[in-house]
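Take a look at the structure set out below.
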Amino acid sequence: MNKLLKFLWSKWYLLFIAALAIITQCYMQLLLPEKMGNIQKLISDSSNNTNKILIEGGWMILISFSVVILAFIQFYCASYVSSYVGKKLREEMYSKVNSISLADYNKYGTATLITRTTNDVEQIKNFMLMGIRILIMSPTMMIIALVKTINVQSSLLLILLISLITIILGMILLLYLASPLFKKIQEKIDNLTIVFREGLTGIRVVRAYNQEDFEYKKFDITNKDLTNTYIKVNRILSFANPFVQILFNFCFIGIYGLGFYLINNISCNVNFITEKVTNTITNISVVAQYCMQIMQSFVMFAMLFIMLPQASASIKRAVEIINIDTNKDNEEILAFSPDYSNYQNELDSLYDEENKKLQPLIKKFESEYHKKFNYDLIKYQISIMTEKDYEHSSLKKDFNEYNKIHNKYHLKRKEVRAKYRHNVTQNLSSSQKENIINDKFKNHNLKGIIEYKNVSFSYPDTDVPCIKNISFKTNIGETTAIIGSTGSGKSTVVNLIPKFYKVTSGEILLDGVNINELPADIVRDKIGFVPQTALLFKGSIKSNLLFGNKEASDDEIINILKIAQAYNFVSKLPDGINSFVSQSGKNFSGGQKQRLCIARSLIKKAEIYIFDDSFSALDFKTDAKLRAALKNYTKDSSVIVVAQRVSSILDADNIIVLNEGEIVDQGRHEDLLKRCKVYQDIVASQLDKDEIEKTLKLKERVLNEGGNKDA
Ligand SMILES: Nc1ncnc2c1ncn2[C@@H]1O[C@H](COP(=O)(O)OP(=O)(O)OP(=O)(O)O)[C@@H](O)[C@H]1O
Ligand SMILES: [Mg+2]
């Protein structure tokens with residue numbers, strides 16, 4: 001909210017001009033009834049007043065003309081300010097969305113992030129445009145008109161007061177009925193965006209399955225739902241207009257009734273009676289116009305309040321995004337730093353304390369229960385408790401006790417972290433935090449050795465660990481492969497390295513430093529990452545590769561394309577490396593996209609390369625050639641390859657076999673083939689002995705030919 005006001009205030013001079021223009025406009029507008037009254041009096045006067053009437057008429061034209069110019073000025077300033085606030089809000093939200101963690105990104109979802117940055121900001125902008133003008137115009141108009149009414153005919157004030165109170169009550173009632181529906185509307189717009197987006201991105205699947213009707217129905221239901229809510233709101237709001245009109249008319253009846261009563265009671269000298277009657281009639285019609293202005297301003301004011309619930313729902317939704325704490329990571333790193341605190345000591349002593357308290361229970365699990373029921377602690381920790389387990393009441397008691405202690409210390413550690421974060425960072429601005437961290441790490445020469453130590457991880461909002469007790473180490477110039485059935489957690493393991501998610505327990509070390517103590521951008525700087533879904537951006541092949549290294553020359557790009565076995569098809573395109581890439585790289589085949597994504601990561605010259613199932617769409621020969629070329633290119637880096645195909649990882653220095661989130665075994669192909677049942681099964685399901693021989697021979701041949709010759 002402060003940000004919103006700050007943006008608004010940064011254009012104070014325009015607000016000031018708008019306010020000045022509005023106040024003058026109100027004053028001028030209210031001169032018109034007065035001039036009209038003067039003309040009426042001049043007409044009823046028996047003497048020849050044509051010139052005076054023309055002068056008054058001239059004034060009226062002049063005043064009307066200035067009102068138009070002032071209205072233009074105030075509208076221009078107000079729209080400029082509201083558009084500026086909208087632009088700043090969108091900028092702020094977009095940069096926030098770009099820097100939030102993947103956990104937060106998943107929590108909100110793409111659809112709501114899109115509607116919040118577009119539709120909600122639009123609502124806020126429109127509300128501001130109305131708000132700036134009405135908030136100044138209505139009170140000004142009312143005050144000036146009230147003063148003028150009192151001056152002309154104070155006895156009419158009572159009618160005005162009764163009408164205003166009735167309007168207030170009516171508007172409160174409308175507000176009460178409509179405001180919950182406005183909140184619903186924003187949520188339903190989110191739903192519509194989800195359905196629309198899903199239908200568009202999945203258009204090929206929809207068509208391949210002939211499910212256009214089904215998708216249309218889904219859209220239709222969501223669309224109708226939104227429309228019905230809009231209709232409900234508008235049905236309520238539609239009462240506002242007739243209600244106000246009726247009130248206007250009653251008000252006029254009251255004013256003219258009072259006028260009639262006043263004229264009836266005029267008793268004085270017959271010579272003066274006509275003049276008095278004329279004066280009263282003129283006053284009544286002038287006051288009627290003032291009343292009209294007062295009530296119109298009030299209605300405008302009330303309409304602003306009716307818009308308020310919708311705008312405040314949008315403001316809340318936008319501010320929620322802007323307020324996502326993206327600094328937590330930096331704060332944690334600062335709090336970790338020995339320069340600032342003995343934070344780690346306090347955490348360690350809490351771990352020790354917890355461990356001491358848990359030891360008797362752990363022993364019990366390890367000896368008594370494990371022997372008796374064949375259940376180990378992991379099983380308890382991840383709460384795989386069946387009804388039958390609970391029958392053993394002593395086990396249940398100990399398990400609950402274990403959880404109680406564990407949760408208590410978990411909370412204590414959370415408090416310590418929060419306290420240190422606060423202590424260390426309370427007096428630092430975001431940019432100061434960033435500067436300290438950048439200074440601290442600028443000369444950090446990271447080589448790229450990754451070590452997992454007992455890493456477990458659960459996705460946010462799930463309790464069951466997705467990967468458990470993962471431990472392995474990579475080395476420079478070596479390839480570490482991860483293989484396992486689909487859903488075994490391979491991508492999850494590698495996604496933890498670029499800090500997309502934070503580990504739940506255990507630690508990932510980069511050259512011996514816990515990555516939690518390193519800023520995300522420093523870690524990511526060291527990584528050439530090829531995600532499982534190959535994605536290119538709209539532009540050219542060259543612009544996509546420059547994404548990996550913006551200083552790369554054309555020659556370097558061509559060389560990298562050759563290593564990635566992509567130059568063969570790129571050179572055949574009419575524009576070569578400048579060829580057009582459509583949105584998400586849709587004008588390239590799956591295998592071509594994969595090779596371009598590999599090239600994008602290689603051009604970065606990273607210390608760590610991660611290929612998540614990046615060779616799956618390549619044919620056998622290209623796969624072999626690419627790996628042979630990579631071997632040479634990545635000899636100073638550590639390489640992690642996730643694969644489904646055994647043939648892609650036969651020559652890896654360490655193969656990690658994953659099964660249901662746990663490492664079953666790790667080692668070289670030959671060793672695993674001898675001792676690991678899961679690995680044997682995977683190999684048997686994919687290759688027979690001859691094929692393995694053939695693959696190894698092909699690899700040798702390709703290596704001898706020189707890997708970076710293009711396919
Ligand atoms: N964002 C997420 N939120 C919650 N659960 C997730 C998320 N991503 C993956 N999972 C779950 O984690 C488990 C492991 O998924 P992961 O993508 O790591 O498997 P994988 O071994 O890479 O599979 P594949 O070979 O199909 O790529 C799956 O059971 C999946 O349901
Ligand atoms: Mg995967």
Side-chain angles (χ1 to χ4, degrees), residues 97 100-113 194 197-198 201 205 324 378-379 381-384 450 452 455-472 479-506 508 520 527-535 590-591 593-594 597-598 601 608-618 623 639-649 652 654-666 672 676 678-679 681-683 685-687:
V97 168
I100 59 175
S101 68
L102 277 192
D104 279 329
Y105 183 79
N106 289 346
K107 184 174 129 194
Y108 288 100
T110 322
T112 186
L113 291 175
I194 291 175
R197 209 177 161 269
E198 209 173 53
T201 42
V205 182
I324 295 176
I378 289 287
K379 240 174 162 182
Q381 278 175 343
I382 61 173
S383 313
I384 307 180
I450 292 285
Y452 275 62
V455 173
S456 299
F457 171 74
S458 326
Y459 277 102
D461 304 325
T462 59
D463 291 332
V464 182
C466 172
I467 53 167
K468 287 156 260 171
N469 292 323
I470 303 290
S471 297
F472 68 89
T479 302
T480 307
I482 304 177
I483 195 163
S485 55
T486 155
S488 55
K490 303 182 295 293
S491 299
T492 308
V493 170
V494 293
N495 281 341
L496 294 177
I497 304 174
K499 296 185 76 169
F500 291 155
Y501 298 99
K502 225 172 181 179
V503 299
T504 314
S505 70
I508 300 174
I527 302 173
F529 189 77
V530 185
Q532 186 162 12
T533 319
L535 183 89
K593 260 195 291 192
Q594 274 192 343
C597 287
I598 292 170
S601 77
I608 305 154
Y609 287 104
I610 300 171
F611 302 107
D612 187 355
D613 218 358
S614 312
F615 311 126
S616 59
L618 306 184
D623 182 7
V639 179
I640 301 177
V641 177
V642 171
Q644 298 266 10
R645 277 207 318 237
V646 182
S647 61
S648 302
I649 54 150
N654 186 26
I655 300 172
I656 292 160
V657 186
L658 264 192
N659 191 28
E660 293 182 8
E662 283 179 283
I663 296 185
V664 197
D665 205 342
Q666 54 183 308
L672 290 175
C676 178
V678 181
Y679 190 69
D681 289 347
I682 298 173
V683 174
S685 69
Q686 295 183 11
L687 303 169

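In each ligand, atom 1 is the first atom listed, and ligand 1 is the first ligand listed. Only this structure's heavy atoms are used, side chains among them; waters, hydrogens and symmetry mates stay out.
Taking a distance limit of 4.0 Å, we find that atom 31 (O) of ligand 1 is approached by no protein heavy atom.
Enclosure of atom CD in Q644 by more than 12 non-hydrogen atoms of other residues, nucleotides or ligands within 6.0 angstrom is indicated.
Under the 4.5 Å side-chain criterion, counting only non-hydrogen atoms from C-beta, V97 is not in contact with Y108. In this structure, S458 and P465 have side chains that are in contact, with non-hydrogen atoms separated by less than 4.5 Å.
Taking every heavy atom of Q644 and a limit of under 4.0 angstrom, the matching atoms of ligand 1 come to 24 (P), 25 (O).
Residue, atom and distance of the protein heavy atom nearest to atom 5 (N) of ligand 1 are Y459 CD1, 3.3 Å. Looking only at protein heavy atoms, the nearest one to atom 15 (O) of ligand 1 is T492 OG1, 3.7 Å. In terms of protein heavy-atom proximity, atom 26 (O) of ligand 1 is nearest to T486 OG1, 2.9 Å. Scanning the protein heavy atoms around atom 27 (O) of ligand 1, the nearest turns out to be Q532 NE2, 2.7 Å.
The closest side-chain donor-acceptor pair between T492 and Y501, if any, does not fall under 3.5 angstrom. For N654 and T480, the side-chain atoms include no donor-acceptor pair closer than 3.5 Å.
With respect to R645 and D623, a salt bridge is recorded, a charged nitrogen being found less than 4.0 Å from a carboxylate O.
For the pair S488 and ligand 1, a heavy-atom separation below 4.0 Å is found.
The Mg ion (ligand 2) has Q532 among its coordinating residues (N/O/S atom, backbone or side chain, under 2.8 Å). Among the atoms of T486, none of the N, O or S atoms falls under 2.8 Å from the Mg ion (ligand 2).
Scanning G489, S491, G661, C466 for the heavy atom closest to atom 13 (C) of ligand 1 points to C466.
Checking side-chain atoms of K490 against main-chain N and O of S485 turns up a donor-acceptor pair under 3.5 Å.
Not one N or O of D613 is nearer than 3.5 Å to an N or O of ligand 1, by distance alone. Checked against a 3.5 angstrom limit, the closest N/O atoms of G487 and ligand 1 fall inside it.
In summary, the aromatic rings of Y452 and F457 are positioned with their centroids too far apart to meet the 6.0 Å limit.
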